[in-house]
Amino acid sequence: MLRESVSEAVRLLLTDAEVWSIILRSLLVSGTAVLMAGLVGIPLGVVIGMHRFRGRGPLVSVINTGMALPPVVVGLVVFMLLSRSGPLGSLGLLYSKQAMVVAQLVLAVPLVLGITVSGVSSVPREALTQARSLGASWLQTALVAVSEARVLLLVAIVAGMGRVIAEVGAVMMVGGNITGETQVMTTAIMEEVRKGNFAPALALGIILLTIAFAANGLMARLEQRTIDT
Amino acid sequence: MLRESVSEAVRLLLTDAEVWSIILRSLLVSGTAVLMAGLVGIPLGVVIGMHRFRGRGPLVSVINTGMALPPVVVGLVVFMLLSRSGPLGSLGLLYSKQAMVVAQLVLAVPLVLGITVSGVSSVPREALTQARSLGASWLQTALVAVSEARVLLLVAIVAGMGRVIAEVGAVMMVGGNITGETQVMTTAIMEEVRKGNFAPALALGIILLTIAFAANGLMARLEQRTIDT
Amino acid sequence: GCSTDDNGAGARLLVASTTSTYDSGLFDALLPAFKAAHPDYDVVVNAVGTGEALKLGESCDADVLLVHAPAAEQEFVDAGFGVERRRIMYNDFVIVGPENDAAGVASADSAAEAFARIAAGGFGFVSRGDDSGTNKAELRIWESAGLEPSDGWYRTVGQGMGATLRIALETGAEGAYTLADRGTFLSMRENLPGMAILFEGDPALYNQYSAVAVDPGHCPETDVAAAETFIEWLESDAGQQTIADFGVDRYGRSLFVPNAGD
Amino acid sequence: MGVLIKASQIRHAYDGRSVLNIEDLEVMRGETLCLLGPNGAGKSTLVRILNLVEAPDSGSVLFEGKPVKPGCLSTRRRMAGVFQHPHIFRGSVRDNVAYGLKLRRLPRREVAALTDDALEQLALEGLGHRDARRLSRGEAQRVALARAVVVRPEVLFLDEPAGNLDAAARRRFLDDLRRIVRRLDTTVIHVTHSLDEALSTGDRIAIIKDGAIRQAGPARQVYNSPADIFTARFLGYENILPGTVVGEAAGGAVVELADGGRVYTRSRMRGDVNVCIRAEEVTLHPPGEAEQVAATANRFPGIIWTVEPSGSAHSLVLDCGFELVATATRPYVQELGLVPGAEVEVRFDEAAAQLVPARVPRGQAGAAACGEGETVRERA
Amino acid sequence: MGVLIKASQIRHAYDGRSVLNIEDLEVMRGETLCLLGPNGAGKSTLVRILNLVEAPDSGSVLFEGKPVKPGCLSTRRRMAGVFQHPHIFRGSVRDNVAYGLKLRRLPRREVAALTDDALEQLALEGLGHRDARRLSRGEAQRVALARAVVVRPEVLFLDEPAGNLDAAARRRFLDDLRRIVRRLDTTVIHVTHSLDEALSTGDRIAIIKDGAIRQAGPARQVYNSPADIFTARFLGYENILPGTVVGEAAGGAVVELADGGRVYTRSRMRGDVNVCIRAEEVTLHPPGEAEQVAATANRFPGIIWTVEPSGSAHSLVLDCGFELVATATRPYVQELGLVPGAEVEVRFDEAAAQLVPARVPRGQAGAAACGEGETVRERA
Ligand SMILES: Nc1ncnc2c1ncn2[C@@H]1O[C@H](COP(=O)(O)OP(=O)(O)OP(=O)(O)O)[C@@H](O)[C@H]1O
Ligand SMILES: Nc1ncnc2c1ncn2[C@@H]1O[C@H](COP(=O)(O)OP(=O)(O)OP(=O)(O)O)[C@@H](O)[C@H]1O
Ligand SMILES: [Mg+2]
Ligand SMILES: [Mg+2]
């Protein structure tokens with residue numbers, strides 16, 4: 001079955017334009033979601049990680065809890081918000097890529113935030129004190145924290161991307177798996193599985209993993225170029 | 001809808017014995033999977049994190065890629081292995097809690113492993129050198145690494161638990177959502193959604209999150225008791 | 001951007017369909033034919049459970065429903081969510097199970113008797129348990145047989161037809177029985193080795209599909225004209241012929257029998 | 001040359017334990033103030049507070065007369081600090097040294113020039129492109145120093161800057177520091193455990209213990225006139241002899257030592273006192289040697305008990321009725337035949353005999369009771 | 001009292017840069033070996049390798065004659081180290097101090113007793129229950145010391161153990177160390193930048209530079225007979241006077257200084273040399289003072305150029321035809337009226353005038369050419 005799927009994967013990649021558009025759509029949707037999750041989660045995580053304040057403990061618990069947000073529930077809530085009868089219905093975003101981005105964003109943020117917070121929390125305070133002493137502004141001090149915790153920030157992004165690109169429940173609900181419009185790799189896999197076509201399902205899975213692997217390799221290389229250790 | 005769901009959640013908890021058994025089953029299955037993922041992922045992650053060896057970079061990339069394993073594909077592969085016509089079919093494990101544990105284990109391990117590796121990698125080498133110098137055996141040195149990276153190991157476990165307890169694709173495939181046998185919270189949510197019963201679906205989601213929040217709070221407290229900083 | 005992603009210029013019509021219709025591939029035949037006839041309209045299909053489909057209609061997130069749960073549909077219309085039920089096609093349910101048929105379902109005189117034989121022997125039976133049309137039909141048969149299926153041999157999975165069939169295939173040493181709609185079963189047959197249609201033809205196994213347009217009174221934003229155009233096309237000779245032709249080349253027979261206007 | 005920094009009523013606690021309690025501390029513009037004190041006295045905490053990188057629990061820091069808070073970047077940019085365990089940033093040695101300049105968005109060429117200067121100043125030229133995280137401790141310490149001086153701060157905080165430096169580098173750094181301070185009129189707050197370092201760099205010395213300042217003043221004055229028995233011990237007075245003032249002579253007190261013997265001093269004090277004399281102020285002479293020019297009334301016949309080499313000098317313990325410690329360099333030991341049992345005449349100047357009260361004044365008694373300096377000396 | 005540890009042909013590189021290249025080093029059982037050397041010389045690296053916590057790229061470490069690898073726990077358990085920047089483990093001060101004992105699975109009661117002992121020894125009694133991560137640097141350093149001595153290792157590695165300790169604590173620790181070493185027959189490898197510390201604790205001294213051992217031998221011998229100009233400078237010889245051997249007298253060479261003047265020595269050497277004399281070996285006398293017992297042929301009339309207080313002594317620069325640095329304590333400066341311009345007679349013993357070759361031997365020339373000790377001195 002595996003050999004069959006690999007050759008099916010190769011065949012799909014070579015012959016099926018639809019597969020390529022699904023792959024690109026997956027990357028686009030999940031990439032956008034993770035990028036936005038990073039833009040929200042990393043700065044916020046750095047702030048929370050750098051400071052000690054009242055209510056920080058519970059806040060961190062809430063963030064960690066967010067990691068256990070079931071995609072179906074997230075999908076449901078986003079659905080209810082974007083539904084024509086919901087508060088944001090007038091935007092007409094349901095069954096669109098934007099809706100999928102929103103749902104994936106909700107899923108990615110807690111993971112990115114949680115890992116960032118604990119990564120930045122474990123940056124030695126001397127690093128920040130030293131930066132301040134040399135005249136770092138608040139932002140410049142935060143950049144030191146980012147630089148010190150960079151490996152974990154990378155893991156945060158990788159884990160966030162992993163969570164959303166592999167997720168199916170939420171995008172299925174708010175995207176609708178509409179062929180040519182909102183179908184992404186996981187919903188396509190799901191559809192094939194439902195139809196009992198395991199080989200193409202596996203083939204799509206293999207393609208997804210290959211892309212993830214290549215992206216990881218690239219990231220690791222980028223990280224090593226700017227940095228050592 | 002939200003108010004409705006909260007009262008529905010309370011009602012379900014108070015009156016529905018079935019809901020309780022679903023909750024317990026979820027905790028049992030995911031708890032076992034994460035426990036096993038911890039038993040595998042943490043020691044392995046500590047070993048990889050502590051040592052520099054050839055091929056470490058690619059290995060870490062593979063682990064990170066594992067975070068993007070789509071649950072449906074994992075479910076499919078486990079399904080094919082356990083299927084009657086598959087290599088492990090004779091075990092008769094398909095549509096059982098054991099099968100769900102296996103699938104969730106596969107999903108949790110890369111996350112636990114990935115976060116552990118980067119957490120342990122960022123433990124200062126002096127910590128390990130100092131331990132060795134005071135007579136720590138290999139294992140005792142590893143324990144120092146664990147203690148230094150403990151916050152991230154906790155995040156690894158939390159993220160792993162978050163991933164599996166919220167996951168639906170794999171358990172649906174290999175567990176089958178059989179009422180009274182393999183139905184867990186997420187598959188029950190999915191079923192309610194399919195039936196169009198959004199309120200109980202949300203209610204179950206709220207219950208799941210409440211449990212996750214309580215567990216996180218407990219963990220944070222436990223962590224603080226043994227430790228400071 | 002990817003051109004296939006871009007919405008066409010025309011009106012976008014949301015059809016909520018049951019997975020059974022969608023997964024059989026019927027829409028792959030219907031949509032191009034409709035598009036050829038009405039290039040102004042873009043139909044997108046959302047494959048969900050019957051319950052969810054009705055809910056989508058209620059929340060105005062679908063314009064047309066294509067479902068097969070007559071009682072629920074009627075309720076939907078009576079509640080003012082839908083305009084009217086319009087029959088489009090039917091097929092039938094079949095009792096499927098392991099080829100060796102230990103319960104002897106094949107020789108039963110009625111669906112109820114077939115179910116009774118399964119129950120009597122305690123042979124495995126997998127129920128969809130998802131309030132779908134199929135599930136409701138199954139429950140009616142148990143009722144007519146005067147039986148209350150019990151734990152142990154009777155398993156409820158709350159999933160779609162495809163998943164239910166697969167679970168039936170994998171249950172126990174040989175496989176279990178279940179009630180399926182013919183279309184889905186035939187379309188999945190090659191992936192279900194050792195399973196066969198054991199009983200068919202009982203009137204109780206009749207499976208009517210209807211189209212329901214969402215009521216613009218309830219959902220002002222719905223595109224009434226588009227919905228009407230689509231349903232009318234389904235009822236038209238062209239539409240009905242497309243349904244009749246679907247599956248013949250692949251399965252040697254139609255999966256759905258058009259019956260609009262009957 | 002007025003007051004540049006003034007700290008008053010600074011209180012700070014960690015985990016509910018009070019670690020700092022400074023009534024009043026003034027740092028003059030352009031001066032070098034050395035902070036001395038035992039481990040855990042609160043020196044580093046004080047430095048962090050004055051450097052505006054940590055806020056005290058209460059109290060105020062005035063800079064040029066205006067109250068400043070850690071948030072105040074413009075003031076903070078006029079300062080720079082080298083902490084006790086300097087944190088090295090990721091990147092090369094150059095990156096580290098240039099850090100403060102880049103923060104200030106100086107033009108690239110200027111950054112390069114200033115960085116080169118600073119690298120040279122700390123003999124780091126060869127290391128510029130090395131990964132700064134992979135240096136030896138001493139090299140890292142120099143990077144930290146270069147990184148702080150390169151921004152030409154008006155106020156430079158140095159928390160044990162010479163720790164881990166080799167002798168040559170230490171000497172050179174202290175020389176350079178003096179030069180920089182003179183040239184740029186930099187104000188320096190310098191924490192050190194080395195009295196020599198404090199004396200050679202400090203205009204003023206403040207001795208801090210248990211979070212409070214016990215004595216402060218011009219360096220030589222503090223060195224020569226300890227305020228109490230703790231500071232005397234802390235400043236390295238080897239001989240602390242209990243006694244009682246019995247009269248006055250030549251403008252100072254005459255003290256009858258508890259162990260016998262009469263010491264003439266230049267201080268005025270009454271009642272029970274301790275006479276404090278540095279070992280190097282005690283000179284040894286052949287018995288009955290001809291009178292020298294600078295005569296002193298403090299002359300005692302003594303017998304040498306022990307002679308021990310200690311570093312570059314020898315440490316001698318003598319019995320003069322009371323016990324006395326003296327030091328002598330090797331040639332003198334040899335020339336005068338200073339061996340155990342030898343008889344010598346012991347002399348020390350009246351001005352070298354400092355008086356401190358026998359007891360620490362009431363208010364400080366509690367704090368001093370468990371002073372480390374004391375317990376250590378008592379056990380030794 | 002044989003060889004306990006023998007390292008041979010140890011080579012180690014970081015990032016392709018060779019940092020260690022030890023031909024041969026022996027540590028005797030029970031001795032204290034002090035390692036001295038400039039920053040970045042490789043001292044800490046050597047310590048880590050001997051402590052079996054890091055494996056060298058090549059070469060072997062023999063323990064009791066048997067080759068050992070870092071994996072060898074049983075040997076490692078007979079050692080303990082205090083590193084230059086000690087890592088403090090999570091937990092209380094007690095936990096940290098008890099760590100090594102717990103690793104060895106000693107009975108609980110014994111752990112408690114030994115821990116109490118060690119805490120007391122380093123004046124940490126009051127801190128036992130404090131969070132060890134929240135200590136001042138000096139307190140942390142003491143914890144690290146207590147943690148290593150508590151396991152009563154046969155070999156104790158100390159990498160700048162007294163850095164950050166206050167003067168009293170440092171004195172006490174060095175005293176205690178000597179006591180422990182004597183009582184338990186501990187072998188100590190002690191890295192320090194303080195010559196005084198090395199002389200007061202070390203039986204032998206090894207001077208390491210650029211990864212290689214430049215000179216090793218009994219402490220006083222190394223102190224008194226530098227092998228070359230680098231070690232002379234490193235050992236603090238303030239006066240290094242170039243000259244040429246012109247003859248022999250009283251069993252030693254007579255050197256004609258380049259700047260004029262003739263110095264009598266006890267060393268034998270030929271050709272161009274440097275005469276090395278410590279400042280404290282130079283004694284100053286009133287001109288025409290009566291001859292003393294220990295006469296010397298090295299007597300020069302001199303004029304005082306500068307007198308500068310340096311710590312507890314004064315540093316004097318004299319013109320005796322050649323330039324000479326001397327030190328004197330305050331009372332002597334006062335007694336002899338040592339002010340700039342004063343005329344004095346300068347003397348130093350023949351034994352105090354050490355000869356080193358004018359040039360570093362060929363093989364070492366490259367390494368020495370960019371020696372830090374030199375560049376620093378030359379700039380000063
Ligand atoms: N982060 C912290 N949390 C709790 N207590 C602390 C912290 N930092 C320092 N302390 C305590 O505050 C007191 C003062 O510490 P500080 O570092 O200012 O001392 P110090 O005078 O610099 O000592 P040293 O000479 O050892 O460097 C000490 O008792 C120390 O244990
Ligand atoms: N982890 C490392 N990676 C790369 N180079 C290193 C590393 N550690 C030390 N070095 C380099 O190796 C050389 C020797 O370092 P080592 O720490 O042994 O010196 P040291 O003699 O202890 O100096 P110091 O007196 O400053 O402590 C130095 O040039 C240093 O920069
Ligand atoms: Mg300090
Ligand atoms: Mg070192």
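Keep in mind that what you see is a predicted model, and the values were worked out from it rather than measured. Numbers restart at 1 for each chain; the letters A, B, ... are given by sequence-line order, proteins then strands.
- Formation of a donor-acceptor pair under 3.5 Å by the A:Thr182 side chain with backbone atoms of A:Gly175 is found in this model.
- One finds the CD1 atom of A:Ile165 at 5.0 Å from the CG atom of A:Leu27 (value rounded to the nearest 0.5 Å).
- More than 12 heavy-atom neighbours from other residues, nucleotides or ligands sit within 6.0 angstrom of CZ on A:Arg56.
- Summarising the geometry of A:Ala170 relative to A:Ala103, their closest heavy-atom pair is CB-CB, 4.0 Å, with the distance given to 0.1 Å.
- Most heavy-atom pairs under 4.5 Å with chain A, from the set D:Ala80, D:Ala148, D:Pro70: that is D:Ala80.
- Among D:Met28, D:Glu26, D:Arg204, the single residue meeting the side-chain contact (heavy atoms from CB on, under 4.5 Å) criterion with D:Leu33 is D:Arg204.
- Heavy-atom neighbours of chain A within the stretch residues 47-68 of chain D, taken at a separation under 4.5 angstrom, comprise D:Arg48, D:Asn51, D:Val53.
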Review item, side-chain donor-acceptor pairs of residues 57-74 of chain A, under 3.5 Å, at least two apart:
residue	atom	partner	partner atom	Å
A:Thr65	OG1	A:Ser61	O	2.6
A:Thr65	OG1	B:Asn216	ND2	3.2

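- Among all heavy-atom pairs drawn from D:Val151 and D:Leu101, the shortest one is CG1-N, 4.0 Å.
- Of the residues listed (D:Arg133, D:Arg147, D:Arg90), the one engaging D:Asn96 in a side chain to side chain donor-acceptor pair (under 3.5 Å) is D:Arg147, and it is the only one.
- Interface remark: D:Phe83 contributes backbone and side-chain atoms alike to the contact with chain A (heavy atom separation under 4.5 Å).
- Heavy-atom distances place both the backbone and the side chain of D:Pro86 under 4.5 Å from chain A.
- Residue-environment remark: CZ (D:Arg183) exceeds the threshold of 12 foreign heavy atoms within 6.0 Å.
- Side-chain contact check for A:Gln140 and A:Ser137: at least one donor-acceptor pair (N or O, by modelled atom type) lies under 3.5 Å.
- In this structure, the side chain of D:Lys43 does not engage the main chain of D:His190 through any donor-acceptor pair within 3.5 Å.
- Residues of residues 114-124 of chain A lying under 4.5 angstrom from chain D, judged on non-hydrogen atoms, are A:Pro124 by number.
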Can D:Ile22 and D:Leu20 be said to form a side chain to side chain contact (heavy atoms under 4.5 Å, CB included), step by step? CA-CA 6 Å; D:Ile22 306 278; D:Leu20 211 54; 3.9 Å; yes
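- Of the charged side-chain nitrogens involved, none lies within less than 4.0 Å of a carboxylate oxygen, so that D:Arg170 and D:Asp175 do not count as a salt-bridged pair.
- The stretch residues 34-51 of chain A places none of its residues near chain D, where near means some heavy atom under 4.5 Å from a heavy atom of that chain.
- The distance between the ring centers of D:Phe89 and D:His87 falls below 6.0 angstrom.
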